[in-house]
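As structure tokens, the structure follows; a few thoughts come after it.
All residue numbers refer to positions in the sequence shown, counting from 1.
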Amino acid sequence: MKIRFSILLLLVMGTNGCGQNSDRVAVVSEMPPDSILTTIKEPMKYNKLNEFEEFVILKKGTERPWTGVYVDHKETGIYVCKQCNAPLFRSEDKFDSHCGWPSFDDEIPGSVIRRPDADGRRTEIVCSNCGGHLGHVFEGEGFTEKDIRHCVNSVSLNFIPGK
């Protein structure tokens with residue numbers, strides 16, 4: 001069965017911190033209700049990623065601050081993994097941390113795995129379904145009552161509008 005949905009392609013201009021040019025970012029603008037939370041569990045069937053998305057999601061890169069499409073995004077809905085469509089974060093958990101990346105003070109239960117980062121200082125967060133790199137999690141900063149900040153690359157996410 002083919003799932004039809006519209007995709008709005010946005011061109012993210014500039015380069016990331018490693019000097020590579022960023023590429024197009026696919027943003028889901030509408031999907032049929034029956035497929036909104038259809039998680040892809042078979043790696044051979046994951047969504048196709050462009051070069052920049054692979055750099056961030058598979059090679060644990062990062063996008064430059066203030067360049068992601070979801071930094072100032074305020075719409076109501078759910079954020080899903082770009083690679084496998086697993087639901088990760090709810091819009092009501094998003095807050096403005098002024099750090100340059102989308103920030104959430106909670107995740108959908110069971111959606112995110114924490115791992116020690118290779119730098120030995122931070123805690124990496126990855127999608128629990130596909131292992132795709134999302135960003136990092138920080139505690140004790142005092143931004144919200146929950147006192148946690150999931151600092152996420154916009155390029156690791158797609159957004160599904162909803163109530």
- With distance as the sole test, does Asp106 use its side chain to make a donor-acceptor pair with the main-chain N or O of Asp93 at under 3.5 Å? no
- Note on the structure: Nearest heavy-atom contact between Pro102 and Ser154 is CG-OG, 3.3 Å
- Separation between CD1 of Ile148 and CZ of Phe95, rounded to the nearest 0.5 Å: 9.0 Å
- Quick one: does Asp105's side chain have a donor or acceptor within less than 3.5 Å of a partner on Lys94's backbone? no
- Query: Within the distance-only criterion (no hydrogens, no angle test), does the side chain of Gln83 pair as donor or acceptor with the backbone N or O of Leu49 below 3.5 angstrom?
  - Reply: no
- Item | Interatomic distance, Arg115 atom CZ to Thr123 atom OG1 [nearest 0.5 angstrom] | 12.5 Å
- Report yes if some heavy atom in the side chain of Cys130 is under 4.5 Å from a heavy atom in the side chain of Tyr46; otherwise report no. yes
- Relative to each other, are the rings of His133 and His136 parallel, tilted or perpendicular (30° and 60° limits)? perpendicular
Without placing hydrogens or testing angles, list every side-chain donor-acceptor pair under 3.5 Å for residues 72-79, not counting sequence neighbours.
{"from": "His73", "atom 1": "ND1", "to": "Tyr79", "atom 2": "OH", "distance (Å)": "2.8"}

- Measuring from Trp101:CH2 to Thr67:OG1, what's the distance to the nearest 0.5 Å? 8.5 Å
- Given Val155, which of Phe52, Phe55, Tyr70 fulfils the side chain to side chain contact (heavy atoms under 4.5 Å, CB included) condition? Phe52
- Item | Shortest non-hydrogen separation from Glu139 to Arg114 and the atoms involved | OE2-NH1, 2.8 Å
- Spatial distance of atom CZ (Phe104) from atom CD (Glu92) [nearest 0.5 Å]: 10.5 Å
- Note on the structure: In short, Leu134 meets Val126 closest at the heavy-atom pair CD1-C, 3.7 Å
- Quick check: are there more than 12 heavy atoms from other residues, nucleotides or ligands sitting under 6.0 Å from NZ of Lys41? no
- Item | Backbone of Ser156 reached by a side-chain donor or acceptor of Asn153 within 3.5 Å | no
- Spacing of CG belonging to Asn85 relative to CG belonging to Asn47, to within rounding of 0.5 Å: 4.5 Å
- Inter-residue atom distance Glu107.CD - Cys127.SG, 0.5 Å rounding: 11.5 Å
